[in-house]
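Numbers here are sequence positions counted from 1.
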Amino acid sequence: MGGDSAEKIISGLLSYSRDRGLDLVPADLNGTIEQSLQLVNHELDAARIAIVKNLHQSLPMVQLDEFKMQQVFVNLFTNATHASGREGEIRITTSMDRLTRGPNVGYRKTDRYTPGERVAIIRIEDSGPGIPR
């Protein structure tokens, strides 16, 4: 059992370290988050960081480059671990929302999103002191 886990982690790290172009495919966002947490699990355990997950169970598949998103999540989790210090907490929430008119939504012809479009939301918060103004 331990060998399988080690192989999975090594495979994930090798995939994480590859320099590749953007490869968008339908993927499970919550699964990508879980895989990313596995990659930093040792660091989280060593710092005694509590992970509080509230992952929306019926998220649809989303178009993303899973390896690039893992890189983003690993960096966010690592930064949150350092910011929180020993025995801190990282809260991870996923949800769906419908966009309303606002910054980058429906104002310019170049806006990527349109009002009314449904999007997946990821919120990562830590118990650290925050970024000074």
Side-chain angles (χ1 to χ4, degrees):
M1 184 73 172
D4 290 340
S5 294
E7 185 175 325
K8 190 174 185 181
I9 290 170
I10 290 169
S11 174
L13 287 169
L14 288 173
S15 295
Y16 169 80
S17 66
R18 283 189 206 126
D19 185 19
R20 310 163 9 138
L22 196 60
D23 185 22
L24 296 177
V25 296
D28 174 11
L29 185 58
N30 290 338
T32 303
I33 291 169
E34 295 285 2
Q35 291 168 357
S36 303
L37 284 168
Q38 286 181 2
L39 293 173
V40 295
N41 190 47
H42 178 73
E43 187 175 358
L44 296 169
D45 285 347
R48 294 185 161 158
I49 300 294
I51 301 296
V52 178
K53 296 181 282 188
N54 185 12
L55 305 179
H56 191 287
Q57 293 304 305
S58 57
L59 280 181
M61 299 291 270
V62 295
Q63 293 287 327
L64 56 87
D65 184 319
E66 211 166 6
F67 297 113
K68 298 279 188 206
M69 285 307 299
Q70 282 179 1
Q71 289 176 334
V72 169
F73 291 140
V74 164
N75 286 330
L76 287 170
F77 299 149
T78 300
N79 290 345
T81 299
H82 294 160
S84 297
R86 288 192 61 75
E87 299 185 8
E89 180 179 274
I90 298 173
R91 294 170 300 285
I92 307 164
T93 305
T94 58
S95 61
M96 291 296 295
D97 201 358
R98 194 167 301 279
L99 293 175
T100 57
R101 190 176 190 88
N104 301 316
V105 180
Y107 279 110
R108 301 178 308 257
K109 290 180 183 178
T110 58
D111 286 349
R112 178 163 168 84
Y113 303 102
T114 57
E117 187 173 1
R118 286 179 47 90
V119 294
I121 306 292
I122 308 151
R123 176 172 279 122
I124 299 171
E125 301 170 290
D126 63 60
S127 59
I131 300 171
R133 287 191 179 270

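Taken to the nearest 0.5 Å, the CG atom of D28 stands 9.0 Å off from the OG1 atom of T94. Rounding to the nearest 0.5 Å places CG of L29 at 12.5 Å from CD of Q63.
Summarising the geometry of E89 relative to S84, their closest heavy-atom pair is O-OG, 3.7 Å, with the distance given to 0.1 Å. Across all non-hydrogen atoms, the minimal contact from A120 to V62 is CB-CG1, 4.1 Å. Closest non-hydrogen pair, L24 versus D65, comes out as CD2-N, 3.6 Å. When every heavy atom of P129 is checked against every heavy atom of A83, the shortest pair comes out as CD-O, 3.4 Å. Of all non-hydrogen atoms in S95 and L59, the two that sit nearest each other are O-CD2, 3.8 Å. Residues S127 and G88 share a closest heavy-atom pair of OG-CA, 3.4 Å.
Two residues are said to be in side-chain contact when any heavy atoms from C-beta on lie closer than 4.5 Å; L55 and E34 meet this criterion. Within the 4.5 Å cutoff, no side-chain heavy atoms of V25 are placed close to those of E66. A heavy-atom distance below 4.5 Å is found between the side chains of E43 and H82. A heavy-atom distance below 4.5 Å is found between the side chains of I121 and V119. Looking only at side-chain heavy atoms (C-beta outward), P60 and M96 come within less than 4.5 Å of each other. Two residues are said to be in side-chain contact when any heavy atoms from C-beta on lie closer than 4.5 Å; F73 and I92 fail this criterion. Side-chain contact check for T81 versus V40: every heavy-atom pair is 4.5 Å or farther apart.
Checking side-chain atoms of N30 against main-chain N and O of H56 turns up a donor-acceptor pair under 3.5 Å. The backbone N or O of G85 sits nowhere less than 3.5 Å from a side-chain atom of E87 that would complete a donor-acceptor pair. A donor-acceptor distance shorter than 3.5 angstrom exists from the side chain of N75 to the backbone of Q71, with no hydrogens or angles considered.
Within 6.0 Å of atom CZ in R123, 12 or fewer heavy atoms from other residues, nucleotides or ligands are found, so the atom counts as exposed in its surroundings.
Put simply, I33 and I51 are part of the same group of oily side chains (I, L, V, M, F, W, Y) that touch within less than 4.5 Å, one to the next.
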Before you tell me yes or no, could you show the steps for D23 and F67 under side-chain contact (heavy atoms from CB on, under 4.5 Å), namely the whole-Å CA-CA distance, both residues' side-chain angles and the distance that decides it to 0.1 Å? CA-CA 9 Å; D23 185 22; F67 297 113; over 6 Å; no
